[in-house]
Visitor: 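Following this message is one structure expressed as C-alpha cells.
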Amino acid sequence: MSAVPATDERTRYSSHRADAVDTQAWPVFDEEGRRLLESVGQVIHPEPGEVLWDAGDAYDLYLVLAGEVRLVDRRDDRVVFVVEAGDFVGELGMLMGQPAFLAGVAMAKSALLRVRVEDLSRLVATSAELGDVLLSAFDARRRLLTRAGEGGLVVAGDDDPDLHRLREFAERNHIPYRTVLRSDPSAWAEVAGQCALPEKGTAVVTGRRRILTEPTTRDLATAIGLDLCGLSDQARCDLLIVGAGPAGLAAAVYGASEGLDVVIVEDVALGGQAGTSSRIENYLGFPRGVAGSELARLAMLQAVKFGARLVSPRSVTELSRSPDGFRVRLDDQSDVTARAVVIASGVRYRRLESTPGVTEFEGRGVHYAATELEARACVGRNAVVVGGGNSAGQAALFLTQQADQVHVLIRRDDLSETMSSYLAQRLTHHERITVHPRSQLTSVAGEDRLTKLTWRDGRSGQDVRIEAGGVFLMIGAVPRTTWLHDVGVELDDKGFVMTREAFATSVEGLFAVGDVRAGSVKRVASAVGEGSVVVSAVHAYLEGRMAAAVT
C-alpha cells in the first residue's frame, strides 16, 4: 500500500494518486533490493508515539515492515503524511547531509528496518538497480514536498526585495517552503498564532518553530542544514570545484564517479546562469527542451549519487598554494585544502546601476532572472527584457505565458548577431513579443514596486513610456574572478581566465572551464563538455604529483 497523505488538502503532495511524480516517489522494492537493505539494516520495534527523529535532526532510512510512521510538521504539530507498511521513509536531503524537514513518529505495533545513511550511501554507489530506485524516489519526494510547500519552513514578511531574495534561494535550491505575506491577514494570523512573528521586516520560521528575523541567505541555509553540510573545520578533498553551473556540475559528476573526493562551492544556487533559463531547446538529447533548473537538479542528483559534497551559499575569497595543493579560503574565514581546483565560477549579468531607479527596484520589479517566481508579478501586464542573447530570448518566450505583452530592447539593428537563429525567429514571429532595435532603458519608477519604465528608441529619437510588471536585465557578462587576483593566475584584459592545453591555467593544478574561461563558447553544451573533459587532466596532474612524491 502506498503512503497516505493527511486529509487537509493543503498538505497533500499531489492531487491524485496517478500523478507520475507521486508514483516514482513510492516504489516497491524487488526481492534483490529488499535483500540488500536487509543485509545492512537492523529491525527495531519502537514504542507507540516514539519520536524516531525530530525536525532538524539527521535521520536514517526506515522501511516500514508493520504499523506506520507519521511525518509531523513541528511548527503546528500537524500530521502531514502517513507512511504505511511496505513503504519507506527517506528524502533527498538525507544523502546530502541535510537534516529532516519533518519529525518522524512511530505508531503502535510498528516494526521498522533501519538503514543508516552511511550504509545507504554505499548501497546507492555500488548497486545500480537499487540506487536508481532510491534516487528516483528521493528526488520525486523532494519535488512533491516543494510543490506542496511542505517543508516545515515558512518565509514571512512583505512583498519586498528581502522576501524575494529568500524565496529565490529556496526555489533555486529546491527547498520546500511556504510564503506568508502581511497583506494576507488570515494566513498571517494563522502563523502568528503559533509563534511570535515580528511586526516589521522579514522572518523565517523553521520546522522547530525557531524564528529568524531579518535573516541573510546564509542564515536560511544554516537553518535547513545546507550550509557547509558534510565539511569539518579541517576539510580536505581531492578536487574542489568553484561554481555549480553546468561546467562545475559536470566536473563534479565525472570527478566523483571516477573516485575523487569532490567538494563543490556555490555562492548562489545550482545551475548558475543556466539555472535561470526557463527552456533550453538546443541541448543534445532534449528535443522538447529542458528548464535550466531541471538540468541542474538532475546533475546535482548524479553528483550526490557518486558522493560529491555541496557547500552553499559560500563564496571563495582567496586561493593560495599549500604543501598539499591549494588552500581555499571561504567567505566565513574557514579553509578547505584541495589537491586540485577547477574554476567554474562563471559570469554574472552587468547591472545598469547608472540608470535611474534600477538599483532602488532590484527585487521589486527589476530582475536578473526570469523564473516562475519573477513572472508572477507580470500576469496580464507588460514585461520588458533588456538584452539580445539566448538567455534574453528564452526569458522573453517564457514571460509570454504570464505577461500580456513582452518588449525586448536591443542595441543592435536585429537579433541575428547575438541570438541563435531558432530563438530569433520565434521572437520575431511571436504575436505577443515586440523587438525594439537600437533601444536603451533610461529609467524605471514606481512606489513600493516597479510599475512603469522608459526607454529611448534610437531610430526615432523618442522616449517610450509604458506601465510594466517587471524588467529583466540580461546584458553582457562579467567574469567572477576577483578572488583569483592573489594566486597569480593569468587573466585576459576582460578578466576571463586564460588556459592552455587541457584547460590548465598558468598555475599548476588549477584548471578553468565554462563561461569563466577566456575564449569559451558561451553555451550550456560547451560548458558541460569542458567540465567532463577537465577531469582527465585533473587525474593526470594528481597522478604526476604522486609519482613525483614516490621518486
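This one's a predicted model, so the numbers in the text were calculated from it and none came from an experiment.
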Visitor: Among residues at least two apart in sequence or on other chains, which ones pass side chain to side chain contact (heavy atoms under 4.5 Å, CB included) with R165?
Guide: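 R165 satisfies side chain to side chain contact (heavy atoms under 4.5 Å, CB included) with D162, T217 only.
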Visitor: Between R309 and D261, does at least one N-O distance fall below 4.0 Å, as a salt bridge requires?
Guide: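 Looking at D261 together with R309, the answer is yes, because their closest N to O distance falls below 4.0 Å.
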Visitor: Work out which heavy atom in A338 is nearest to a heavy atom in L240; give both atom names and the distance.
Guide: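 Minimum heavy-atom contact is CB-CB, 3.7 Å.
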Visitor: Any side-chain heavy atom of L319 within less than 4.5 Å of one from V341?
Guide: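 A side-chain contact under 4.5 Å exists here.
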Visitor: List the atom of A299, the atom of V253, and the distance in Å for their closest heavy-atom pair.
Guide: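 Looking at all heavy atoms of both residues, the shortest contact is O-CG2, 3.5 Å.
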Visitor: Do H367 and E362 pair up side chain to side chain, a donor and an acceptor below 3.5 Å, judged on atom types alone?
Guide: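 Result is no, nothing qualifies.
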Visitor: Between Y177 and T146, is any side-chain donor less than 3.5 angstrom from a side-chain acceptor?
Guide: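 No - no donor-acceptor pair under 3.5 Å links their side chains.
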Visitor: Answer yes or no: is there a side-chain heavy-atom contact under 4.5 Å between L301 and L92?
Guide: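 Sidechains of L92 and L301: in contact.
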Visitor: How long is the straight-line distance from CG of L102 back to CD of E91, given to the nearest 0.5 Å?
Guide: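 The distance works out to 9.0 Å.
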Visitor: Spell out, as yes or no, whether a donor-acceptor pair under 3.5 Å connects the side chain of T206 to the backbone of R210.
Guide: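 Yes, T206 side chain to R210 backbone: donor-acceptor pair under 3.5 Å.
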Visitor: Test side-chain hydrogen bond (donor to acceptor under 3.5 Å, both in side chains) on T216 and D219 and set out the steps.
Guide: CA-CA 5 Å; T216 64; D219 292 335; 3.1 Å; yes
Visitor: With a 4.0 Å cut-off, would you call D332 and R218 a salt bridge?
Guide: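 No, this pair does not count.
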Visitor: So, D331 and S315: side-chain donor and acceptor under 3.5 Å apart, yes or no?
Guide: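 Looking only at side-chain atoms, S315 and D331 do form a donor-acceptor pair, the distance falling under 3.5 Å.
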Visitor: If the threshold is 4.0 Å, N to carboxylate O, is there a salt bridge linking D139 and R143?
Guide: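 Yes.
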Visitor: Given the rule in the side chain to side chain contact (heavy atoms under 4.5 Å, CB included) test, do L134 and L130 qualify, once you have shown the distances and angles that lead to the verdict?
Guide: CA-CA 6 Å; L134 286 169; L130 181 61; 3.8 Å; yes
Visitor: Is the shortest heavy-atom distance from the side chain of L270 to the side chain of L310 under 4.5 Å?
Guide: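 Contact flag for L270/L310 side chains = yes.
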Visitor: So, D73 and R75, do they make that salt bridge, N to O below 4.0 Å?
Guide: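 So D73 pairs with R75 through a salt bridge.
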Visitor: Take S520 and F496, measure what side chain to side chain contact (heavy atoms under 4.5 Å, CB included) needs, and give me the verdict at the end.
Guide: CA-CA 10 Å; S520 66; F496 290 89; over 6 Å; no
Visitor: Could you tell me whether F81 and W26 have their ring centroids closer than 6.0 angstrom?
Guide: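 Centroid distance F81-W26: below 6.0 Å, so yes.
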Visitor: Once rounded to the nearest 0.5 Å, what's the spacing between atom OH of Y62 and atom CG of D60?
Guide: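 Between atom OH of Y62 and atom CG of D60 there are 5.0 Å.
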Visitor: Under the side chain to side chain contact (heavy atoms under 4.5 Å, CB included) criterion, do V342 and V242 qualify, and how do the steps go?
Guide: CA-CA 6 Å; V342 169; V242 184; over 6 Å; no
Visitor: What heavy-atom pair brings V115 and G41 nearest, and what distance separates the two atoms?
Guide: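 So the two residues come closest at CG2-CA, 4.0 Å.
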Visitor: Out of curiosity, L212 CG to L166 CG, how far, rounded to the nearest 0.5 Å?
Guide: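 Rounded to the nearest 0.5 Å, the CG-CG separation comes to 9.5 Å.
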Visitor: Does a donor on one side chain and an acceptor on the other come within less than 3.5 Å for R167 and T179?
Guide: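 Result is yes, a qualifying pair exists.
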Visitor: Do L52 and V105 pass the side chain to side chain contact (heavy atoms under 4.5 Å, CB included) test, and can you show the C-alpha distance, the side-chain angles, and the key distance before you say yes or no?
Guide: CA-CA 6 Å; L52 301 170; V105 180; over 6 Å; no
Visitor: Nearest 0.5 Å please: distance from the CG atom of D267 over to the CZ atom of R314.
Guide: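 CZ of R314 is found 11.0 Å from CG of D267.
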Visitor: Answer with yes or no whether the side chains of S121 and E118 bring together a donor and an acceptor at under 3.5 Å.
Guide: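 No - no donor-acceptor pair under 3.5 Å links their side chains.
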Visitor: Is it true that D132 and K305 make a salt bridge, defined as a side-chain N closer than 4.0 Å to a carboxylate O?
Guide: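 Here D132 pairs with K305 in a salt bridge, since their nearest N and O are under 4.0 Å apart.
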Visitor: Please tell me whether F306 and Y254 form a close aromatic pair, meaning their ring centres lie under 6.0 Å apart.
Guide: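 F306 vs Y254: aromatic centres not under 6.0 Å.
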Visitor: Say whether, by atom type as modelled, one donor and one acceptor occur between the side chain of S127 and the main chain of L123 under 3.5 angstrom.
Guide: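 No, the answer is negative, given that no donor and acceptor are paired below the 3.5 Å cut-off.
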Visitor: Using a 6.0 Å distance limit plus a 45 degree cone around the ring axis, check whether R351 lies over the aromatic ring of Y368.
Guide: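 That pair qualifies as a cation-pi contact.
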Visitor: Under a 4.0 Å threshold between the charged nitrogen and the carboxylate oxygen, would E281 count as salt-bridged to R288?
Guide: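 No salt bridge links R288 with E281.
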Visitor: Hey, is the main chain of D57 close enough, under 3.5 Å, to the side chain of D54 for a donor-acceptor pair?
Guide: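 No; judged by distance alone, with no hydrogens or angles, the pair does not exist.
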Visitor: For residues L295 and V290, report the shortest heavy-atom separation together with the two atoms involved.
Guide: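 Where L295 meets V290 most closely, the heavy atoms are N-CG2, 4.1 Å.
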Visitor: So that I can tick it off, tell me whether E294 and R297 are bridged by a salt bridge, with the cut-off set at under 4.0 angstrom between side-chain N and carboxylate O.
Guide: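 Yes, R297 and E294 are salt-bridged.
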Visitor: Decide yes or no for V336 and C237: does some side-chain heavy atom of the first lie under 4.5 Å from some side-chain heavy atom of the second?
Guide: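 They are in contact (side-chain heavy atoms under 4.5 Å apart), so the answer is yes.
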Visitor: Is there a donor-acceptor contact under 3.5 Å from the side chain of S345 to the main chain of R480?
Guide: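 Judged by distance alone, yes, a pair lies under 3.5 Å.
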Visitor: Begin with the C-alpha distance, continue with both residues' side-chain angles, and end with the deciding distance and a verdict on side-chain hydrogen bond (donor to acceptor under 3.5 Å, both in side chains) for D324 and T337.
Guide: CA-CA 7 Å; D324 295 325; T337 299; 5.4 Å; no
Visitor: State whether Y422 and R279 meet the cation-pi test: NZ (Lys) or CZ (Arg) under 6.0 Å from the six-membered ring centroid, and within 45° of the perpendicular axis.
Guide: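 No, R279 does not lie over the aromatic ring of Y422.
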Visitor: Tell me, do F101 and L71 make a side-chain contact under 4.5 Å, heavy atoms counted?
Guide: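 Not touching, per the 4.5 Å side-chain cut-off.
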Visitor: Can a side-chain donor-acceptor contact be found between Q394 and S277 if the only test is distance below 3.5 angstrom?
Guide: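 Indeed, the side chains of S277 and Q394 share at least one donor-acceptor pair under 3.5 Å.
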Visitor: Could you state the interatomic distance from CZ (F88) to CZ (F138), rounded to the nearest 0.5 Å?
Guide: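 Reported value, rounded in 0.5 Å steps: 5.5 Å.
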Visitor: Looking at G90, is its backbone amide N or carbonyl O close enough to the side chain of R141 to form a donor-acceptor pair, meaning the two atoms are under 3.5 Å apart?
Guide: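 Yes, because the side chain of R141 sits within donor-acceptor range (under 3.5 Å) of the backbone of G90.
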Visitor: Taking CD in E258 as the centre, count heavy atoms belonging to other residues, nucleotides or ligands within less than 6.0 Å. Is the count above 12?
Guide: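 Count over threshold, so yes.
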Visitor: Taking the side chain as C-beta and beyond, is there a heavy-atom pair between V528 and V524 under 4.5 Å?
Guide: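 In short, these two side chains touch, coming nearer than 4.5 Å.
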Visitor: Minimum heavy-atom separation for M474 to S391, with atom names?
Guide: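 Scanning both residues completely, I find the closest heavy atoms to be SD-O, 3.5 Å.
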Visitor: Quick one: does E318's side chain have a donor or acceptor within less than 3.5 Å of a partner on R329's backbone?
Guide: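 No; zero donor-acceptor contacts below 3.5 Å.
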Visitor: If every non-hydrogen atom of L510 is compared with every non-hydrogen atom of T505, which pair is closest and at what distance?
Guide: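 Minimum heavy-atom contact is O-OG1, 2.8 Å.
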Visitor: Applying salt bridge (charged side-chain N to carboxylate O under 4.0 Å, His left out), which residue pairs with at least one partner in residues 525-545 are found, sequence neighbours left out?
Guide: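 Every salt bridge (charged side-chain N to carboxylate O under 4.0 Å, His left out) pair that includes a residue of residues 525-545, provided the two are not neighbours, is R517-E530.
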Visitor: Could you tell me whether D335 and R327 have a side-chain N and a carboxylate O separated by less than 4.0 Å?
Guide: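 Salt bridge: yes.
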